[in-house]
Amino acid sequence: MTDPSVRFPTNFLWGTSTAAYQVEGAAREDGRTPSIWDTFSHTPGKTAGGDTGDIACDHYHRFRDDVALMSELGMSGYRFSVSWSRVQPTGRGPAVQRGLDFYRSLVDELLAKGITPLLTLYHWDLPQDLEDAGGWPERNTAYRFADYALLVAEALGDRVQMWTTLNEPWCSAFLGYGSGVHAPGRTDPADALRAAHHLNLAHGLSTQVLRETLPASARVTVSLNPAAVRPHSDSEADKDAARRIDALATRVFSGPMLHGAYDEDLLADTARLTDWSFVRDGDLAAIQQPLDGLCLNYYTPSVVSAVLGDKVVERHDGHGDSTHSPWPAADRVAFHQPPGEQTEMGWSIDPSGLTDLLLRFSREAPGLPLYVTENGAAYDDKMDSDGRVHDPERISYLRRHFHAILKAIDEGADVRGYFLWSLLDNFEWAYGYGKRFGTVYVDFETQQRTPKSSARWYAELARTGEIPALPEG
Ligand code: PNW
């Protein structure tokens, strides 16, 4: 008999993930207008080498080949996002048919190959017009998002079963409006907290719209990137630093979404920045909508300590260079680079964080199916003279994370699928094209796709549902 700890459940979804701005290109085609990421990437100094998503992987024109590639690799799922300004250019008013047609064609292509689409409504590309009207710190943006959700649900609800409202609202709020390393590049900690609340509200309102519009069989989820936080020592002060980061990274979203409340410690920690009066009567009930699954994205843990006295805070939090912290009112917290292996992002490799998060949410939200919607690693991949791309480090990273998922399943977590970040090397936000997360190599001159050895390895895992036991040590 097979050891249960090496076999994934039957019907486990094996997929890859992408996001519209990172792969599509065609930034000015068929009526698409700028999103905050177009504006940001075209602003000098904001992305490495001035890279933009103008062309990216040209997936907008090559999606048929890309879906054929997924099929060749034996994938049963694909997670992609819809570009809001492609289907509703100003973030208001009617939909642009050609924009919707692109996603309809993509979905039909997936379905024809037996690949389950997981559609994300928002992966960070707010229409610039809505940013000009105030962006996520402005309450109206949440209502606009619910209207946009209706347009997409009406167009694709007959063929897409799995829906995600937001991807990683933490990044949208705290990297976009706090540290400013992501679009729109604003740096006001109080605005970041307002943005977080309005993203929560957008999630709740859009979930209600999806329920009213989609067939009863449709499933609605959200993708969070909760922090696997570890205190640097057992001291009370370090444990308190970990508590603060957990509140600001994770509970600020999971609290209202799953439990209908912002935790008291979060409100107290941030009291000198805001009185949270932007939370209106009825908001928390609107945000706490029953969900059909919870999607978690995980790359690396966070190890934190309290900064005592006047010590200068050394930042190793992997969130890019900014003098502004993405952690409002947690400026007395230091992030530590754990010893050991790291990926090209400088993110340390520790799969136990993924086990911990899956178990945490399986306890915190009993009965809610879990999906890993992002996990993966950037490496400095190069094409060999034989035309192949060998990425043994990525295989090793993935293997260890799959064992971490199996461990969580063994201990009771109901994990239903895995979407590797990413199908293709793509536009890695502020890092541009320099960081390759793909399991398929992309030559950005020719747009040629070459599956890396990790793609073949992953295809074999998807085919058998079994993973060899980890070597000792
Ligand atoms: C996620 N951080 O981004 C995104 O959902 C993807 O679009 C992205 O390409 C991928 O992870 C790899 O970076 C993150 O600073 C960006 O903590 C930054 C952070 C986390 C996730």
Side-chain angles (χ1 to χ4, degrees), residues 16-24 35-37 40-41 47-48 51 53 56-57 59 79-83 118 120-125 164-183 192 199 222-229 245-246 248-250 253 295-304 315-322 324-327 330 335 337 342-350 353-354 357 371-379 394 397 401 419-439 442:
T16 56
S17 268
T18 63
Y21 191 69
Q22 294 180 275
V23 299
E24 285 180 4
S35 74
I36 54 176
W37 269 99
F40 189 76
S41 66
T47 65
D51 288 350
C57 307
H59 175 73
R79 171 177 180 258
F80 66 96
S81 79
V82 173
S83 155
L118 169 52
T120 298
L121 285 168
Y122 187 73
H123 199 126
W124 308 354
D125 43 0
T164 301
T165 55
L166 307 175
N167 172 69
E168 300 191 0
W170 183 83
C171 294
S172 298
F174 296 104
L175 300 182
Y177 296 90
S179 70
V181 299
H182 279 187
L199 284 153
V222 63
S223 281
L224 301 180
N225 58 320
V229 199
I245 296 303
D246 182 58
L248 284 164
T250 307
F253 302 105
C295 299
L296 304 179
N297 298 348
Y298 175 78
Y299 294 91
T300 187
S302 304
V303 179
V304 301
R315 300 260 313 283
H316 289 292
D317 54 359
H319 301 121
D321 295 322
S322 172
H324 301 274
S325 169
W327 305 108
F335 285 74
Q337 180 68 57
Q342 352 178 322
T343 68
E344 193 69 19
M345 297 297 282
W347 295 351
S348 75
I349 302 178
D350 182 355
L354 181 52
L357 289 174
Y371 297 86
V372 176
T373 41
E374 284 184 29
N375 174 241
Y379 285 105
R394 184 172 288 103
Y397 178 99
H401 285 81
F419 295 81
L420 189 158
W421 186 271
S422 177
L423 174 68
L424 303 169
D425 293 335
N426 60 44
F427 176 73
E428 179 50 32
W429 307 113
Y431 296 92
Y433 295 96
K435 299 283 184 257
R436 295 180 176 272
F437 272 95
T439 192
V442 177

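Below, all heavy atoms of this structure are taken into account, side chains as well, without hydrogens, waters or symmetry copies. Each ligand, and each atom within it, is numbered from 1 in the order the structure gives. If you read the sequence from its start, that first residue is 1, and numbering goes on from there.
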Just by distance, do the side chain of Arg79 and the backbone of Thr16 share a donor-acceptor pair under 3.5 Å? no
Is the closest side-chain heavy-atom distance between Val442 and Tyr433 below 4.5 Å? no
Does any donor atom in the side chain of Thr47 or Asp51 lie under 3.5 Å from an acceptor atom in the other side chain? no
Look at the rings of Trp124 and His182 and say which category their plane angle falls in: under 30° parallel, 30 to 60° tilted, over 60° perpendicular. tilted
Taking the side chain as everything from C-beta on, heavy atoms only, tell me whether Leu354 gets closer than 4.5 Å to Val372. yes
Looking only at N/O atoms, are Trp170 and ligand 1 under 3.5 Å apart anywhere? no
Taking a cutoff of less than 4.0 Å between a non-hydrogen atom of the residue and any ligand atom, is His123 in contact with ligand 1? yes
Hey, what's the ring geometry for Trp429 with Tyr21, parallel, tilted or perpendicular (30° and 60° as the breaks)? parallel
Please say whether Asn297 places an N or O atom under 3.5 Å from an N or O atom belonging to ligand 1. no
Any N or O of Glu428 that comes nearer than 3.5 Å to an N or O of ligand 1? yes
Using heavy-atom distances only, which candidate in Tyr299, Trp429, Trp124 approaches atom 3 (O) of ligand 1 most closely? Trp124
Would a 4.5 Å heavy-atom cut-off, applied to side chains only, mark Asp350 and Thr300 as touching? no
Does the residue Phe174 have a heavy-atom contact with ligand 1, meaning some pair of atoms that are separated by less than 4.0 Å? no
Asn167 heavy atoms, cut-off 4.0 Å: which ligand 1 atoms fall inside? 5 (O)
Relative to ligand 1, is Tyr431 under 4.0 angstrom through side chain, backbone, both or neither, heavy atoms considered? neither
Gln22 to ligand 1: N or O pair under 3.5 Å? yes
